[in-house]
Chemist: 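Mind looking over this structure? Questions follow.
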Amino acid sequence: MLLKNKVIIITGASKGLGVAMAEVCAQQGARVVMAARSKGLLEELESKIKKAGGEALSVICDVSKPADLKHLVESAVDAFGRIDGLINNAGVNYVKSALEVTEEEWDRVMAVDLKGSFFLTQLCARQMLKQKDPGGSIVQIASVHTHASLEGAAPYDAAKCGMVGFSKAVAVELADKGVRVNVLSPGLCRTEIWKDIVAAAPSESECWDYWNANIPAKKLIEPEEIANACLFLLSDLSSSITGANLMADHGMTSLLVSREPYASKSIEGG
Ligand code: NAP
């Protein structure tokens with residue numbers, strides 16, 4: 001078991017990728033502290049994990065509220081005595097032309113995706129440094145949008161790139177104290193967002209043809225694949241890695257253009 005008895009906080013654990021993260025961490029022996037606003041969904045997941053023999057605690061938390069973040073960290077320490085890992089996964093994906101974005105909309109995305117992640121990182125890192133055997137691993141869930149963009153994504157991209165920026169700074173600051181901080185940037189995953197994309201397309205097959213041309217592996221990322229990448233970053237398997245921004249994207253951000261319409265000449269002239 002890669003996370004035996006490790007106490008791991010996971011935000012946004014009520015839906016999508018966060019559910020898979022909680023389940024995978026619990027299967028690997030972690031005591032998972034799951035945070036989100038949806039009480040019913042969190043409690044359902046908590047009882048599922050407990051029925052499977054795992055240890056879990058759900059905490060209602062709006063990550064944009066500093067008092068909620070403090071309560072989350074205190075609840076984790078009260079229940080399990082320490083914190084070994086954090087996945088800052090809660091996020092809102094906001095799409096609107098940069099020319100139309102209001103100050104309120106900008107602030108809302110920043111409050112959840114960037115400010116919440118930073119201050120929860122700060123609270124967890126303080127706890128990780130003051131406990132017996134100081135150290136820990138913090139994972140920020142950003143996006144392929146930290147590498148390249150799409151139309152209408154300005155606040156989201158600013159927030160996700162901000163996560164990369166502060167993570168590098170905190171990684172450098174805490175590297176010699178045993179706390180590692182990394183970013184994991186997923187590509188297109190099989191979650192609600194995929195359902196929304198399909199719903200907005202003329203047909204599922206046209207939608208899929210388009211994405212096939214833009215994802216070298218020609219497949220969606222399953223939530224468990226992102227959870228497994230988190231597992232790697234949380235565990236000692238990644239002990240030399242800090243300050244990284246790892247793309248989990250089936251090759252999407254390595255692709256220059258979707259298709260080359262004309263065959264290039266070989267350099268050898270053949
Ligand atoms: P999702 O299905 O929309 O779930 C988002 C989670 O964040 C939910 O559990 C939600 O819980 C929580 N959340 C939202 N606002 C919150 C707040 N103010 N306080 C606490 N929790 C909050 O999203 P997802 O697709 O699983 O994505 C998870 C993360 O991966 C996000 O950061 C997203 O940007 C990133 N990502 C996803 C994809 C993808 O293809 N799915 C690709 C790249 C990056 P409540 O509503 O219960 O609070």
Side-chain angles (χ1 to χ4, degrees), residues 9-24 32-46 58-73 75 86-95 105 107-121 139-150 153 155-164 167 183-198 200 207 211 214-215 217 219-227 229-230 233 245-250 252-253:
I9 295 181
I10 302 164
T11 66
S14 60
K15 301 168 194 158
L17 301 181
V19 173
M21 290 166 191
E23 291 187 319
V24 164
V32 289
V33 181
M34 307 171 306
R37 295 164 303 173
S38 306
K39 190 171 185 274
L41 293 175
L42 281 183
E43 285 174 354
E44 242 173 69
L45 182 59
E46 182 183 331
S58 46
V59 180
I60 308 308
C61 169
D62 180 336
V63 297
S64 68
K65 296 184 176 158
D68 283 18
L69 297 179
K70 192 166 171 278
H71 172 67
L72 170 60
V73 169
S75 304
L86 163 67
I87 309 176
N88 266 319
N89 166 69
V92 285
N93 183 354
Y94 189 75
V95 180
E105 290 163 342
D107 287 347
R108 191 173 74 82
V109 178
M110 293 303 147
V112 177
D113 291 12
L114 183 57
K115 185 176 150 192
S117 307
F118 174 75
F119 283 103
L120 188 54
T121 295
V139 180
Q140 321 288 355
I141 304 300
S143 162
V144 284
H145 282 238
T146 58
H147 179 87
S149 192
L150 290 171
Y156 181 73
D157 291 7
K160 295 296 191 182
C161 286
M163 287 174 91
V164 177
S167 294
V183 180
L184 181 68
S185 283
L188 188 54
C189 304
R190 192 186 302 281
T191 54
E192 280 304 309
I193 202 167
W194 172 246
K195 290 185 195 155
D196 293 347
I197 290 170
V198 170
C207 183
W211 285 102
N214 287 284
I215 302 172
K219 54 187 175 182
L220 294 175
I221 301 159
E222 301 301 330
E224 293 70 27
E225 294 182 281
I226 298 299
C230 289
L233 290 172
N245 180 11
L246 179 65
M247 298 288 149
D249 68 349
H250 281 325
M252 191 194 251
T253 54

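Position 1 is the first residue of the sequence, and the numbers go up from there. Note that ligands are numbered from 1 as they come in the structure, with each ligand's atoms numbered from 1 the same way.
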Chemist: Do any pairs count as a salt bridge (charged side-chain N to carboxylate O under 4.0 Å, His left out) and have a residue in residues 109-118, sequence neighbours left out, and if so which ones?
Modeler: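 Salt bridge (charged side-chain N to carboxylate O under 4.0 Å, His left out) check on residues 109-118 returns no pairs.
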Chemist: I'd like to check the side chain to side chain contact (heavy atoms under 4.5 Å, CB included) partners of V24; sequence neighbours left out, ordered by chain and number.
Modeler: Q27, A227, N228, L231
Chemist: Anything under 3.5 Å between an N or O on ligand 1 and a protein N or O? List each pair with its distance, or write none.
Modeler:
{"unit_1": "ligand 1", "atom_1": "9 (O)", "unit_2": "G12", "atom_2": "O", "d": "3.0"}
{"unit_1": "ligand 1", "atom_1": "9 (O)", "unit_2": "S14", "atom_2": "N", "d": "3.4"}
{"unit_1": "ligand 1", "atom_1": "9 (O)", "unit_2": "S14", "atom_2": "OG", "d": "2.8"}
{"unit_1": "ligand 1", "atom_1": "9 (O)", "unit_2": "K15", "atom_2": "N", "d": "3.3"}
{"unit_1": "ligand 1", "atom_1": "11 (O)", "unit_2": "S14", "atom_2": "OG", "d": "2.9"}
{"unit_1": "ligand 1", "atom_1": "15 (N)", "unit_2": "R37", "atom_2": "NH2", "d": "3.3"}
{"unit_1": "ligand 1", "atom_1": "18 (N)", "unit_2": "D62", "atom_2": "OD1", "d": "2.9"}
{"unit_1": "ligand 1", "atom_1": "19 (N)", "unit_2": "V63", "atom_2": "N", "d": "2.9"}
{"unit_1": "ligand 1", "atom_1": "25 (O)", "unit_2": "T191", "atom_2": "OG1", "d": "3.4"}
{"unit_1": "ligand 1", "atom_1": "26 (O)", "unit_2": "L17", "atom_2": "N", "d": "2.8"}
{"unit_1": "ligand 1", "atom_1": "32 (O)", "unit_2": "N89", "atom_2": "O", "d": "2.8"}
{"unit_1": "ligand 1", "atom_1": "32 (O)", "unit_2": "K160", "atom_2": "NZ", "d": "2.9"}
{"unit_1": "ligand 1", "atom_1": "34 (O)", "unit_2": "Y156", "atom_2": "OH", "d": "2.7"}
{"unit_1": "ligand 1", "atom_1": "34 (O)", "unit_2": "K160", "atom_2": "NZ", "d": "3.1"}
{"unit_1": "ligand 1", "atom_1": "40 (O)", "unit_2": "G187", "atom_2": "O", "d": "3.4"}
{"unit_1": "ligand 1", "atom_1": "40 (O)", "unit_2": "C189", "atom_2": "N", "d": "2.9"}
{"unit_1": "ligand 1", "atom_1": "41 (N)", "unit_2": "T191", "atom_2": "OG1", "d": "2.8"}
{"unit_1": "ligand 1", "atom_1": "46 (O)", "unit_2": "K15", "atom_2": "NZ", "d": "2.8"}
{"unit_1": "ligand 1", "atom_1": "46 (O)", "unit_2": "R37", "atom_2": "NH2", "d": "3.0"}
{"unit_1": "ligand 1", "atom_1": "47 (O)", "unit_2": "S14", "atom_2": "OG", "d": "2.8"}
{"unit_1": "ligand 1", "atom_1": "47 (O)", "unit_2": "R37", "atom_2": "N", "d": "3.4"}
{"unit_1": "ligand 1", "atom_1": "47 (O)", "unit_2": "S38", "atom_2": "N", "d": "2.9"}
{"unit_1": "ligand 1", "atom_1": "47 (O)", "unit_2": "S38", "atom_2": "OG", "d": "2.5"}
{"unit_1": "ligand 1", "atom_1": "48 (O)", "unit_2": "R37", "atom_2": "N", "d": "2.8"}
{"unit_1": "ligand 1", "atom_1": "48 (O)", "unit_2": "R37", "atom_2": "NE", "d": "2.7"}
{"unit_1": "ligand 1", "atom_1": "48 (O)", "unit_2": "R37", "atom_2": "NH2", "d": "3.4"}

Chemist: Considering only distance and modelled atom types, tabulate donor-acceptor pairs under 3.5 Å from the side chains of residues 35-42, sequence neighbours left out.
Modeler:
{"unit_1": "K39", "atom_1": "NZ", "unit_2": "E43", "atom_2": "OE2", "d": "3.2"}

Chemist: Under 3.5 Å, is there a donor-acceptor pair between the side chain of D68 and the main chain of D62?
Modeler: yes
Chemist: Could you tell me whether E105 and R108 make a salt bridge, using a distance below 4.0 angstrom between a side-chain N and a carboxylate O?
Modeler: no
Chemist: Taking the side chain as C-beta and beyond, is there a heavy-atom pair between H250 and L220 under 4.5 Å?
Modeler: no
